[in-house]
Number of protein chains: 2
Amino acid sequence: MRTQNYSKKRQAIYELLLSTKEHPTAEWIYNTLKDEYADLSLGTVYRNLKLLEKNGMIKSVAVVNGCERYDALTSPHSHFVCTKCSRVIDVFYRDEVPDFIRNMHIDGADRVDYFSLIYYGTCNNCE
Amino acid sequence: MRTQNYSKKRQAIYELLLSTKEHPTAEWIYNTLKDEYADLSLGTVYRNLKLLEKNGMIKSVAVVNGCERYDALTSPHSHFVCTKCSRVIDVFYRDEVPDFIRNMHIDGADRVDYFSLIYYGTCNNCE
DNA sequence: AACAATAAAGATAATAATTATTGATTTGTT
DNA sequence: AACAAATCAATAATTATTATCTTTATTGTT
């Protein structure tokens with residue numbers, strides 16, 4: 001039987017995403033993995049990110065400076081984006097918040113599937 | 001005296017944004033205005049959007065399908081994005097929501113300046 | 001283990017949105 | 001009117017991403 005994720009490189013991309021809290025870009029993943037996989041190509045990274053996203057194994061959490069940022073942590077949480085260094089940090093909300101937000105009436109919407117809550121500001125590293 | 005916004009075209013871009021709830025892209029603005037301003041160029045639209053944004057007169061509210069969407073309504077509110085037709089709809093939350101969110105503790109953040117809350121789903125038009 | 005079928009990859013070209021450059025034009029001030 | 005600064009159009013350049021196409025890797029079956 002053919003499993004969903006049998007290729008070495010796809011597996012490496014997924015595991016790298018699982019192991020980091022960087023919420024990396026395709027470029028970052030490519031640069032990180034090309035030491036181990038010398039023949040890796042950027043197109044492969046993009047292709048597999050799209051594929052993993054479609055399978056629900058990873059999520060695109062934000063577009064920062066025109067670059068898509070990915071996360072293998074798919075449980076509901078939000079993010080903080082540093083407007084100086086573009087760092088993306090996980091934010092876990094208390095249970096009440098999603099309910100509060102979820103009950104919002106939206107005029108013109110037929111069905112709400114999900115929402116994205118992103119904070120912007122300055123991170124610790126940027127003082 | 002030279003006011004901040006004295007050029008005809010910049011004024012037209014700003015007023016168009018004020019008059020619509022489309023949350024348009026640069027392209028949309030360009031196409032809408034080029035009837036009246038035959039010699040308008042797309043670069044001018046981009047340049048002035050950046051400028052108006054820097055002046056705080058407009059806001060970038062989301063990136064939908066890789067396109068930046070702008071809004072002249074700068075009072076705090078959030079948005080609904082239709083994942084089928086890319087329509088962007090204003091969502092006005094109760095006053096408590098910002099407070100509730102603002103009190104959230106974010107580990108790694110030094111200062112939170114603002115946040116963005118975006119809902120995704122299907123709009124009325126897309127049934 | 002070998003083979004054929006299929007999936008995945010690399011290399012490269014193509015898109016698409018946005019930004020930068022440059023030289024001409026408009027605007028406000030003297 | 002003349003001058004300087006701001007703005008613009010046109011165009012070229014960037015940058016992130018996607019598509020194409022040929023080759024290589026992986027899998028299930030014999």
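To find a chain, count down the sequence lines: A is the first, B the second, and so on, and within it residues start at 1. Since the structure is predicted, the reported quantities are computational estimates derived from the model, not experimental observations.
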Separation of dA6(D) atom P from N48(B) atom CG, nearest Å, is 15 Å

Applying ring-ring contact (aromatic ring centres under 6.0 Å, His included), can you list everything that pairs with Y46(B), at least two apart in sequence or on another chain?
none

Keeping to residues at least two apart or across chains, list the salt bridge (Lys or Arg N to Asp or Glu O under 4.0 Å) pairs with something in residues 116-127 of chain B.
none

Taking 4.0 Å as the cut-off, does a side-chain nitrogen or oxygen of K9(A) come that near to OP1 or OP2 on dA25(D)?
no

Of all residues at least two apart in sequence or in a different chain, which pass the ring-ring contact (aromatic ring centres under 6.0 Å, His included) check with Y119(A)?
none

For residues 84-92 of chain A, tabulate all N or O donor-acceptor pairs below 3.5 Å that involve a side-chain atom, not counting sequence neighbours.
unit_1	atom_1	unit_2	atom_2	d
S86(A)	OG	N65(A)	ND2	2.8
D90(A)	OD1	H23(A)	NE2	2.9
D90(A)	OD1	H77(A)	NE2	2.8
D90(A)	OD1	H79(A)	NE2	3.2

Which ones in residues 16-28 of chain A lie close to DNA chain D, meaning a heavy atom under 4.0 Å from one of its atoms?
none

Check the distance between dT19(C)'s C1' and K50(B)'s NZ and give it to me in whole angstrom.
9 Å

Distance-only, no hydrogens or angles: does the T83(A) side chain make a donor-acceptor pair with backbone N or O of G121(A) under 3.5 Å?
yes

Grab the CD-C1' distance between E68(A) and dT18(D) for me, whole Å please.
12 Å

Send over the distance from L51(B) CG to dA6(D) P, rounded to a whole Å.
12 Å

Can you tell me which residue pairs pass the salt bridge (Lys or Arg N to Asp or Glu O under 4.0 Å) test with a partner in residues 21-39 of chain B, sequence neighbours excluded?
K9(B)-D39(B)

K8(B) has an atom NZ; how far is it from atom P of dT26(C), in whole Å?
11 Å

Expressed as a whole number of angstroms, how long is the span from R10(B):CZ to dA5(D):C1'?
13 Å

Rounding to an integer number of Å, can you tell me how far L49(B) CG sits from dT18(C) P?
9 Å

Could you list by number each residue of residues 30-46 of chain B showing a heavy-atom separation from DNA chain D of less than 4.0 Å, or answer none if no residue does?
D39(B), L40(B), S41(B), T44(B)

Just by modelled atom types, is the L17(B) backbone N or O under 3.5 Å from a matching donor or acceptor in the T20(B) side chain?
no

R47(B) has an atom CZ; how far is it from atom C1' of dT22(C), in whole Å?
12 Å

Under 4.0 angstrom between S7(A) side-chain N/O and dA9(C) OP1 or OP2:
yes

Would you mind listing every salt bridge (Lys or Arg N to Asp or Glu O under 4.0 Å) that reaches into residues 103-122 of chain B, with sequence neighbours excluded?
R111(B)-D113(B)

Check ring-ring contact (aromatic ring centres under 6.0 Å, His included) between Y37(B) and all other residues, then give those that pass, not counting sequence neighbours.
none

